Amino acid sequence: LHLSIRRQRQMCIRDRITGDGQNFTFRSGADYEVGGGELGISGITTQGGYVDLGSSDVNMTVTEAIITKGGNFSANGIRSLDSTGIQITTAGDVTFAAGAYKDGGDISITTTANSGVINAGPLTSNGDIVNAGDTTAGSIILNADGVLTISTTDAKGKGAGTGGAVSLTGSQVRIAGSVTTSSTASAGGDISINGPAVLEGGDRSLATGSGDGEITFSSTLDSDGSTRGLSATAGTGSISFTGAIGGISELGALNIVNTDNVTASNTIDAASITQSAGTGITTFNGDVNLSANFAFTGNAPVSYTHLRA
């Protein structure tokens with residue numbers, strides 16, 4: 001199924017697609033809402049088909065869930081998206097269509113060059129990690145021309161299936177939930193934070209699992225004005241921080257659970273640093289200023305310029 005509608009006034013959409021693999025496409029010339037369900041229909045649901053809501057330079061609000069059961073979801077080239085508190089899930093489902101949609105679909109949301117913000121509710125691109133034996137997660141790519149705010153974000157695989165890569169880009173990236181890309185027996189997906197990052201509303205965790213999977217911060221990392229902690233798990237992957245950590249608003253506990261190499265290329269201001277396990281080299285290239293303790297457990301050396309604890 002393809003639905004193409006253009007309106008010059010604000011409107012609401014909702015639909016339920018019952019045929020396996022059938023798709024939903026929507027275009028609008030005016031701001032619109034996904035929700036306002038009637039006759040028992042809420043949000044948008046497909047049975048493995050994709051949902052494409054992109055390429056219109058309009059503001060999009062999601063007030064009811066979008067569910068694809070393994071199909072891709074995209075809203076690219078829109079002005080802004082607000083799905084605060086509302087789930088968008090492309091999680092796979094092995095229980096229909098002879099298991100054709102057991103893997104998770106990709107999620108892609110990008111805004112136009114109008115300082116367009118993305119306020120994302122919970123996002124899930126897991127494979128069917130409950131019922132399938134081996135299942136791969138879809139990727140999650142969020143690219144805001146303005147501020148990007150995320151909630152809980154999951155791209156988990158199972159067995160021989162890998163976790164999905166998560167790439168988060170914005171003029172500021174506000175991390176208001178955990179990000180998990182692990183797999184039970186294979187590599188996790190890379191987690192890339194592109195832009196100044198802020199830990200929002202509480203302590204947060206980023207985890208690629210026990211296998212391979214990188215965690216990368218391309219710019220600075222700060223708390224939101226209250227002291228916030230970060231837990232990072234990269235398994236056999238590495239963790240890198242390019243910009244200053246806590247330079248504007250000090251971090252709480254920085255906890256490295258398990259990783260290969262850790263590289264912090266700039267200064268760190270935090271309450272404490274703990275590394276529980278590591279197989280590579282941990283390097284702090286800038287001054288490290290801690291108000292509490294530094295604790296390290298690993299198989300390789302720690303290199304630092306100046307440590308105050």
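Only this structure's heavy atoms are used, side chains among them; waters, hydrogens and symmetry mates stay out. The structure presented is a predicted model; accordingly, all values stated were derived computationally and were not measured.
- Counting only distance, with no hydrogens or angles, the side chain of S56 and the backbone of S28 share a donor-acceptor pair below 3.5 Å.
- Among all heavy-atom pairs drawn from G209 and T233, the shortest one is O-CG2, 3.9 Å.
- The shortest non-hydrogen separation linking I193 to A197 is CG2-CB, 3.8 Å.
- One side chain, T112 or N114, offers a donor N or O that lies under 3.5 Å from an acceptor on the other.
- No side-chain donor from either of D154 and T124 sits under 3.5 Å from a side-chain acceptor of the other.
- Listed for the S125 side chain is a donor-acceptor partner under 3.5 Å among the backbone atoms of G138.
- A side-chain donor-acceptor contact under 3.5 Å links N126 to the backbone of K156.
- Using a 4.5 Å heavy-atom cutoff, the side chains of T274 and S276 are in contact.
- Listed by first and then second residue, the salt bridge (Lys or Arg N to Asp or Glu O under 4.0 Å) pairs involving residues 194-210 are R174-E200 (not counting sequence neighbours).
- D82 and T61 are not linked by any side-chain donor-acceptor pair at a separation below 3.5 angstrom, with hydrogens and angles left out of the test.
- What you find for G121 and S151 is that their closest heavy atoms are C-CB, 3.6 Å.
- Proximity of N266 to T242: side-chain heavy atoms (C-beta onward) are nowhere separated by under 4.5 Å.
- For residues 220-249, every residue pair satisfying the salt bridge (Lys or Arg N to Asp or Glu O under 4.0 Å) rule, not counting sequence neighbours, is listed here: D224-R228.
- Inter-residue side-chain proximity for T267 and N289 is flagged as unmet; no heavy-atom pair is nearer than 4.5 Å.
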Trace of the side-chain contact (heavy atoms from CB on, under 4.5 Å) decision for F26 with I44: CA-CA 11 Å; F26 179 81; I44 300 173; over 6 Å; no
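- When atom types are taken as modelled, the side chain of S272 and the backbone of A253 share no donor-acceptor pair closer than 3.5 angstrom.
- In this pair, F217 and F241 present their aromatic rings parallel. The plane angle is below 30°, not in the 30 to 60° band.
- With hydrogens and angles disregarded, no donor-acceptor distance shorter than 3.5 Å links the side chain of S240 to the backbone of T216.
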For residues 255-262, dump all side-chain donor-acceptor pairs below 3.5 Å to protein atoms at least two apart in sequence or in another chain.
unit_1 : atom_1 : unit_2 : atom_2 : d
T259   : OG1    : G237   : O      : 2.9
T259   : OG1    : N261   : O      : 3.4
D260   : OD1    : T279   : OG1    : 3.1
D260   : OD1    : G280   : N      : 3.1
N261   : OD1    : I281   : N      : 2.7

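- Taking each heavy atom of D269 and G247 in turn, the nearest pair found is OD2-CA, 4.4 Å.
- No side-chain donor from either of D128 and T135 sits under 3.5 Å from a side-chain acceptor of the other.
- The cluster map of Ile, Leu, Val, Met, Phe, Trp and Tyr, joined by side-chain heavy atoms under 4.5 Å apart, puts I239 and F294 in the same cluster.
- Taking the side chain as every heavy atom from C-beta outward, M60 and V34 approach each other to under 4.5 Å.
- No donor-acceptor pair closer than 3.5 Å links the side chain of T227 to the backbone N or O of L251.
- Note on I175: it does not cluster hydrophobically with I141, by side-chain heavy-atom contacts below 4.5 Å among ILVMFWY residues.
- Pairing each heavy atom of D145 with each of S171, the nearest pair is O-CB, 4.0 Å.
- Between the side chains of T169 and N143, no donor-acceptor pair of N or O atoms lies under 3.5 Å.
- A donor-acceptor pair under 3.5 Å is formed between the side chain of S183 and the backbone N or O of G161.
- Y101 belongs to a hydrophobic cluster with F96, counting contacts under 4.5 Å between side-chain heavy atoms of Ile, Leu, Val, Met, Phe, Trp and Tyr, direct or through other members.
- At a threshold of 4.5 Å between non-hydrogen side-chain atoms, the residues I273 and V288 count as touching.
- V117 is not connected to V173 by any chain of hydrophobic side-chain contacts under 4.5 Å among Ile, Leu, Val, Met, Phe, Trp and Tyr, and they are in different clusters.
- Checking side-chain atoms of N72 against main-chain N and O of D106 turns up a donor-acceptor pair under 3.5 Å.
- Applying the side-chain hydrogen bond (donor to acceptor under 3.5 Å, both in side chains) criterion to R79, with sequence neighbours excluded, gives D57.
- F24 is not connected to I67 by any chain of hydrophobic side-chain contacts under 4.5 Å among Ile, Leu, Val, Met, Phe, Trp and Tyr, and they are in different clusters.
- Residues forming a ring-ring contact (aromatic ring centres under 6.0 Å, His included) with F73 (at least two apart in sequence, or on another chain): none.
- A 4.5 Å side-chain heavy-atom check between L148 and L168 finds at least one atom pair inside the cut-off.
- The same ILVMFWY cluster, assembled from side-chain heavy atoms under 4.5 Å apart, contains both L254 and L206.
- Annotation: side chain of T153 is not in contact with side chain of L142 (no heavy-atom distance under 4.5 Å).
- For D190 (side chain) and E214 (main-chain N/O), a donor-acceptor pair under 3.5 Å exists by modelled atom type.
- Under the 3.5 Å distance criterion, the side-chain polar atoms of T110 are matched with a main-chain donor or acceptor of G77.
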